[in-house]
Amino acid sequence: MTQVRRRIAIVGFGPRGLGALEALVNRAQATGASMAVDVFDASRWPAAGPSFSPDESKVCLLNLPLRSIALPPPPSCSRLQEDFADWLGEAGCDREAYLPRAMLGTYLHERFKALLAQLPDHISVVHHPLRVSAAHWDQDGWRLHAQSGGHGPFEHVLMSLGQPETHPDPQLKRWRKHAGLNALPLCSAYPGAELIRAAQDWSGRVVGIRGLALSSLDVIRMLTLGLGGRFEDGRYIASGREPARIVPFSLDGLAPWPKPLDAALDAGFDPLPREDAAFEAALHAALSDSGNAGLPTAFDVLAASAVRVIRSAGGGAEQDEVLDWLEREAGAPGSQELLGTLDALRCGIRQAEGQEPPAIGYTVGQLWRKWQPLLRSIYGSRLVPPATARAFTAFDEGLKRYSYGAPVVTARQLLMLIETGLVDPRAADDPGVALSSKGWDIQSGEAAVTADVMIDTVLPPPALERVAEPLVAGLQDAKTLTALSEGLGARCRPDAVLIRSDGKPVQGLGLAGRLSNGSSIAGDSIHDCFGGICDRWAETVLEAR
């Protein structure tokens, strides 16, 4: 008797979509389940996604060294069985290198093609280069709507959308209108290749950059190295095609702190086995708390570990001092950063290079980075109360200035560019930015500068109320998709299945990625795209009948 082939869809197919597909194929191989999977993604590079597009500029770097990228192996049926470093060959010899994101994207795209080339007969996968705009359930299953018409019915649909279209915040909305009325360039940071092409005409102009996080560092590299400049012998050699001045600005005017220079220095922040066990126990206790005390439950462990790390590096710190820092950070993330831009940058470089003992914030940030896999595993395996989810996600987001830091080499290059005057970082926000017919008047202290080009690098928060993506907006209107809490993403089970406001699961519909923020945590890491939620989702799909 021929086995009925089950139909599954994955909507949005970047790295997380690939992780979900591979998890599904692994389980279908093991059980012999007959399955037809339809993948929907309009990108030229399925499995890579926009962030890792193979045609992205080579100056856009990963924020992890090669030694820290450890993806699970592809399914056994795939022709490609190499990990990323082995696949790179000679280019993967330097384990300390921060490689172009395009390299990882090329690997992920090739990994997808290799899987398609050798699937067993009972599994089929079809890629549709389409953007899905709507989904609805009928008695036969989920039906999807795209430019070409309807698709389905599907027994189960996973939405893995990455960064969906969002409504602009009030400042950006006002700026777009201003730019249109005055014929001023207002650009997005990505795709980087397009930004570099546009920047060919910006020589001699002042370029503002909204935001001073990792994306802004990419943009600064695009406007210098991407235009032919180079760094040699500790100085920047201009090509002559750069803007006259580059003015990145944020609330505090501070760039992300650099990661430890190499594996040896990074190992100094490794938690001890007993600290891992204590943090795990603290997380279980914290995430079971339905009140407001969830996050502080983990502070004693963080503080004790931070004191040990700081002292082992020759510094001095007391438990109460670290606890005070943690409580202040939880109440107002980033408010304890009192150094100016240059002082903070130099301080971060010294700590990353081991020239001075790490400060409390730097140490906590590195420990939090080390514990993120454990955090994702425990957090993602349960339903977290909304108040606890708000506290944990805000704390995690705030610590990104340390845990998602840039390479030391990028920090050093930024320091050179600031010292030469080409880059002029500012602390500014509304009303620190006034609009004029000439552009954006950026006021910071007593100094003001007018930018006649503006680049937006601020990543919208993964809050459902901001999403304009038609597929998501339609499901929200139908009450199929609801927020865990204001400012957070969708309410989901640990297996990605959506939960209605009445607490009941949505049959056959799941969501994974940034838009599940709160139901999951720390989802911006490439490692979160494989395993964890994807494995649980695949298990649910295979068990459902």
Side-chain angles (χ1 to χ4, degrees), residues 59-69 94-101 209 211-222 224-225 231 234-236 246 248 250 252-270 306 309-310 313-315 329 333-334 336-372 396-420 422-423 425 427 457 522 524-526:
V59 304
C60 297
L61 303 181
L62 295 164
N63 77 320
L64 289 173
L66 181 57
R67 62 176 157 80
S68 296
I69 300 174
D94 183 0
R95 305 289 291 185
E96 296 296 335
Y98 287 76
L99 299 171
R101 291 203 297 270
I209 301 177
L212 193 44
L214 288 174
S215 295
S216 70
L217 301 185
D218 271 351
V219 169
I220 291 169
R221 292 172 65 85
M222 294 176 207
T224 53
L225 298 176
F231 292 93
R235 63 193 183 97
Y236 178 68
I246 302 167
S250 64
D252 58 15
L254 301 180
W257 291 60
K259 284 191 173 71
L261 177 64
D262 55 32
L265 287 167
D266 193 39
F269 297 94
D270 287 346
V309 169
I310 293 169
E329 176 68 17
Q336 302 173 91
E337 303 292 359
L338 303 177
L339 295 175
T341 301
L342 276 174
D343 286 341
L345 191 53
R346 290 173 179 139
C347 182
I349 291 170
R350 290 195 301 270
Q351 292 180 31
E353 293 182 342
Q355 298 177 40
E356 68 180 37
I360 291 173
Y362 191 81
T363 304
V364 169
Q366 305 314 310
L367 285 168
W368 192 255
R369 171 172 60 88
K370 300 280 186 175
W371 272 326
Q372 276 196 338
D396 177 70
E397 188 68 26
L399 284 184
K400 281 183 178 180
R401 65 189 189 275
Y402 298 114
S403 60
Y404 278 57
V408 172
V409 64
T410 297
R412 283 204 163 277
Q413 290 172 352
L414 177 60
L415 181 59
M416 292 179 215
L417 293 170
I418 293 173
E419 290 175 336
T420 63
L422 178 55
V423 173
T457 70
D524 287 337
S525 168
I526 184 65

Counterpart residues, side chain to side chain contact (heavy atoms under 4.5 Å, CB included), relative to Leu61 (two or more places apart): Pro100, Arg221, Thr410
Can you list every salt bridge (charged side-chain N to carboxylate O under 4.0 Å, His left out) pair that touches residues 407-418, not counting sequence neighbours? Glu353-Arg412
Are Val409 and Tyr98 packed together at the side-chain level, in the sense that at least one heavy-atom pair is separated by less than 4.5 angstrom? no
Is any side-chain heavy atom of Ile246 closer than 4.5 Å to one of Thr224? yes
Non-neighbouring partners of Tyr362 that pass side chain to side chain donor-acceptor pair (under 3.5 Å), sequence neighbours left out: none
Residues at least two apart in sequence or cross-chain that pass ring pair (Phe, Tyr, Trp, His ring centres under 6.0 Å) with Tyr236, listed by chain then number, are Phe231
With sequence neighbours excluded, residues passing side chain to side chain donor-acceptor pair (under 3.5 Å) with Arg95: none
Distance col, row Thr363:OG1 vs Gln351:CD, nearest 0.5 angstrom, shows 7.0 Å
Leu415 side, atom CG; Thr341 side, atom OG1 - distance, nearest 0.5 Å: 11.0 Å
Would you indicate whether the side-chain heavy atoms of Ile310 and Ile360 approach each other to under 4.5 Å? yes
From Leu62 CG over to Ile69 CD1, what is the distance, rounded to the nearest 0.5 angstrom? 5.0 Å
Name all residues meeting the side chain to side chain contact (heavy atoms under 4.5 Å, CB included) criterion together with Thr457; count only those two or more places apart in sequence or in a different chain, and write none if there are none. Ala189, Ile209, Ser215, Ser216, Val219, Ile455
Leu64 CG to Tyr404 OH distance, which is reported to the nearest 0.5 Å: 8.5 Å
Would you please name every residue forming a side chain to side chain donor-acceptor pair (under 3.5 Å) with Trp257, sequence neighbours left out? none
My understanding is that only residues two or more places apart in sequence, or in another chain, count here; which of them pass salt bridge (Lys or Arg N to Asp or Glu O under 4.0 Å) with Asp343? none
Any Lys/Arg nitrogen of Arg346 or Glu419 sitting under 4.0 Å from an Asp/Glu carboxylate oxygen of the other? yes
Heavy atoms of Leu367 and Val309 approach each other most closely as CD2-CG2, 4.4 Å
Report all side-chain donor-acceptor pairs from residues 261-269 shorter than 3.5 Å, counting only partners two or more places apart or in another chain.
unit_1 : atom_1 : unit_2 : atom_2 : d
Asp262 : OD1    : Ala264 : N      : 3.2
Asp262 : OD1    : Leu265 : N      : 2.9
Asp266 : OD1    : Arg369 : NH2    : 2.5
Asp266 : OD1    : Lys370 : NZ     : 3.4
Asp266 : OD2    : Arg67  : NH1    : 3.4
Asp266 : OD2    : Lys370 : NZ     : 3.0

Under a 4.5 Å cut-off applied to non-hydrogen side-chain atoms, are Pro260 and Gln366 in contact? yes
Over all heavy atoms of both residues, which pair between Ser403 and Gln372 is shortest? Give the atoms and the distance, please. OG-NE2, 4.4 Å
Restricting to non-hydrogen atoms, name the atom on Gly253 and the atom on Pro425 that form the minimum distance, rounded to 0.1 Å. O-CB, 4.3 Å
Do you know the tightest heavy-atom contact between Arg101 and Asp218? NH1-OD2, 2.8 Å
Apply side-chain contact (heavy atoms from CB on, under 4.5 Å) to Thr420 and Arg235, showing your working. CA-CA 9 Å; Thr420 63; Arg235 63 193 183 97; over 6 Å; no
Closest non-hydrogen atom pair, Met222 against Cys60: CE-SG, 3.4 Å
Holding to salt bridge (Lys or Arg N to Asp or Glu O under 4.0 Å), I want the full list of residues that pass it with Asp396, two or more places apart in sequence or in another chain. none
Approximate separation, where rounding is to 0.5 Å, of Leu225 CG and Leu417 CG: 8.0 Å
Heavy atoms of Pro256 and Leu214 approach each other most closely as CG-N, 3.9 Å
Sequence-distant partners of Gln336, side chain to side chain contact (heavy atoms under 4.5 Å, CB included), two or more places apart: Trp325, Arg328, Glu329
Quick one: side chain to side chain contact (heavy atoms under 4.5 Å, CB included) partners of Ala411, sequence neighbours excluded? Pro258, Leu345, Ile349
